[in-house]
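Input: a single structure, listed below in structure tokens.
Basis for what follows: all heavy atoms, side chains included, without hydrogens, waters or symmetry-related copies.
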Amino acid sequence: MVCTFGRGGRVTEQGRMSKLLLFVSSVLLCCCRTTRAEIFTSIGQMTDLIYTEKELVQSLREYIKAEESKLAAVKSWANKLDALTRVSTADPEGYLAHPVNAYKLMKRLNTEWSELESLVLQNPADGFVSNMSVHRQYFPDEEDETGAAKALMRLQDTYQLDSEAFSKGKLPGVHSSAVLTVDDCFDMGKTAYNDADYYHAVLWLQQALKQLDDGEEAVVSKADILDYLSYSVYQMGDLPRAIELTRRLVAIDPSHQRAGGNLRYFEQLLMKQLREMNQDYQPPSEEPIQLGTYSRPKDHLPERESYEALCRGEGIQMTEARRSRLFCRYHDGKRNPHLLLKPVKEEDEWDSPHIVRYLDLLSDEEIEKIKELAKPRLARATVRDPKTGVLTTANYRVSKSAWLEGEEDPVIDRVNQRIEAITGLTVETAELLQVANYGVGGQYEPHFDFSRKDEPDAFKRLGTGNRVATFLNYMSDVEAGGATVFPDFGAAIWPRKGTSVFWYNLFRSGEGDYRTRHAACPVLVGSKWVSNKWIHERGQEFRRPCGLTEVD
């Protein structure tokens, strides 16, 4: 619900309808714009790599200049000695008959050639190599590169991106000069292949083959691409196409050590299948293998399809009838002294469970201060293992986070007090303010913020009870993707810088509201900064009294 806040706290009907139409239009637009492994999951930290690379380029240029200077000196020596040897070799005895020439020959061979040897042995690369060594400790490693490749595949799946469009930098609503070469696509496919992810291997190896067939130059050979692609297609169960690709490989490289054996095996396997099913051979499709040709393998997430659809702006269950019951208002925290003179703007985002958004909650200056405090301590985000209760890193939570105490800076204390004033809940027993920055394909798959009955000791160490509520601050706009979605009831909440959303994770009875299972969609384009406050049960006894039934 997007509202127009009039003077004096009144919301005009014309303004409400205008904003409602704008909201519907924006949802339609989102639909049209369908929009790691320890990798560099924070855009905030990855920016440091940009400046590191710039410094290395400058160091490289200085090395080139030194090499050119050295080469010019060597050329000068060569030219001078070439002229001398032409004269000396024309008449060696006549040349040496002159005592000066004899002396200079001795001098050159004893002294000057040694100087030339020292010049040639000088290594201008030492400075560059030293600089590289200093920075290399901060470079991404192979695991980071693999994680980044998997992040691109995650984006491809979630936002249903065609490999060809992806390789040309054509993302929904974004046109960029960032392209993937044949070798890039091959490396993407090989990454998937090495992970036994033949579905994505096929998509990216096929794209590498297409770009190579279109005349793009590459280091990788067509035979190598066909080798990986044919086996990946076989693993996907498409024997006719695997045979056709292997035949192409044999035609290019008849002596290939695997191709001949694979071809015979594939043909025998296909004939056996056809006999068992009493079918005739059908030539494979000549169409390129594209998104949708093969079924994507199922994974650990039961609501994968609905979750990703919501990320694209599809499948949202807010009907017009329900939307008409959403309102906006000025909120003073039940006449809280902090909000009397300046109440906050509150919008209903969802009716049941009730989710609200607060506008203009964080200023740009406050956001920059929070980011400044968090950046030096951003670390790989963790999740709690439901069996052991121990915090561990997980591949499905792709972000970096930091925890900030109120005593660290007046801004943090001010934000904490603002949250307490707005929610009416004490933050004395709440967790520290967590700041997260999502990077390449940054996401957090569907999860509960509260602990379930099968993990009763999750927050035992804190001694403050379960997480009763979540207060989430959006500290950046996101160009594409990055929504917060609730697959259980079909809600999608889009990041808007400076706004915050709030919901209860527990009913008044203390029972968990399982409808609040939510996720942070992968960031397609942009950098997503959020901060959140998890508010716990202890201290809320008189602020949010218990209900009489389990679902009050």
Side-chain angles (χ1 to χ4, degrees), residues 36-86 88 104-152 167 169 176-191 194 208 211-212 216-225 375-376 378 380 400 439-440:
R36 122 193 138 119
E38 170 72 24
I39 75 165
F40 281 81
T41 46
S42 162
I43 290 291
Q45 290 183 324
M46 286 180 68
T47 54
D48 295 337
L49 296 180
I50 296 291
Y51 294 107
T52 296
E53 189 171 43
K54 181 180 180 180
E55 183 179 333
L56 288 175
V57 169
Q58 179 61 34
S59 179
L60 181 60
R61 291 192 177 280
E62 291 171 359
Y63 159 66
I64 293 170
K65 186 183 296 185
E67 283 283 15
E68 289 174 341
S69 176
K70 169 185 170 180
L71 188 58
V74 173
K75 282 182 177 180
S76 176
W77 272 94
N79 291 336
K80 180 180 74 172
L81 292 170
D82 187 48
L84 281 170
T85 55
R86 276 201 303 268
S88 63
K104 293 188 72 171
L105 175 63
M106 297 298 106
K107 180 186 177 186
R108 283 199 304 274
L109 292 173
N110 181 57
T111 304
E112 295 180 9
W113 275 97
S114 295
E115 292 175 359
L116 179 57
E117 181 184 24
S118 297
L119 175 62
V120 172
L121 290 175
Q122 283 180 7
N123 191 359
D126 288 345
F128 175 68
V129 172
S130 176
N131 203 8
M132 280 282 290
S133 299
V134 169
H135 289 293
R136 188 178 296 280
Q137 60 183 315
Y138 304 111
F139 281 11
D141 57 20
E142 185 176 348
E143 188 179 7
D144 294 316
E145 183 181 346
T146 299
K150 290 181 179 179
L152 294 188
S167 69
S176 169
S177 59
V179 298
L180 295 171
T181 64
V182 171
D183 296 301
D184 290 333
C185 293
F186 176 74
D187 288 340
M188 289 279 292
K190 194 173 177 181
T191 295
N194 291 336
Q211 291 179 210
L212 195 64
E216 185 179 319
E217 293 185 359
V219 174
V220 65
S221 68
K222 182 178 290 190
D224 281 341
I225 297 175
K375 278 182 180 180
L378 285 174
R380 176 78 179 284
K400 286 199 170 184
V440 181

Under the side-chain contact (heavy atoms from CB on, under 4.5 Å) criterion, do T146 and N194 qualify, and how do the steps go?
CA-CA 10 Å; T146 299; N194 291 336; over 6 Å; no
Short side-chain to backbone donor-acceptor contact, S88 and T85, under 3.5 Å:
yes
One should read off an interatomic distance between E143 CD and K150 NZ, to the nearest 0.5 angstrom, of 8.5 Å
Taking distance alone, no hydrogens or angles, what donor-acceptor pairs closer than 3.5 Å link side-chain atoms of residues 180-191 to residues at least two apart or in another chain?
{"from": "T181", "atom 1": "OG1", "to": "D183", "atom 2": "N", "distance (Å)": "3.4"}
{"from": "T181", "atom 1": "OG1", "to": "D184", "atom 2": "N", "distance (Å)": "3.1"}
{"from": "T181", "atom 1": "OG1", "to": "D184", "atom 2": "OD2", "distance (Å)": "3.2"}
{"from": "D183", "atom 1": "OD1", "to": "V219", "atom 2": "N", "distance (Å)": "3.2"}
{"from": "D183", "atom 1": "OD1", "to": "V220", "atom 2": "N", "distance (Å)": "2.9"}
{"from": "D183", "atom 1": "OD2", "to": "V219", "atom 2": "N", "distance (Å)": "3.1"}
{"from": "D184", "atom 1": "OD2", "to": "T181", "atom 2": "N", "distance (Å)": "3.0"}
{"from": "T191", "atom 1": "OG1", "to": "D187", "atom 2": "O", "distance (Å)": "2.9"}

If you define the side chain from C-beta out and look only at heavy atoms, does anything of E68 sit under 4.5 Å from I64?
yes
Tell me every residue that passes side chain to side chain contact (heavy atoms under 4.5 Å, CB included) with E55, counting only those two or more places apart in sequence or in another chain.
N131, H135
Quick check: are there more than 12 heavy atoms from other residues, nucleotides or ligands sitting under 6.0 Å from CD of E53?
no
To the nearest 0.5 Å, atom CG of D224 lies from atom NZ of K222 at 12.5 Å
Can you list every pair that meets side chain to side chain donor-acceptor pair (under 3.5 Å) and has a residue in residues 70-80, with sequence neighbours left out?
none
Value for CG (L60) from CD (E67), rounded to nearest 0.5 Å, stands at 10.5 Å
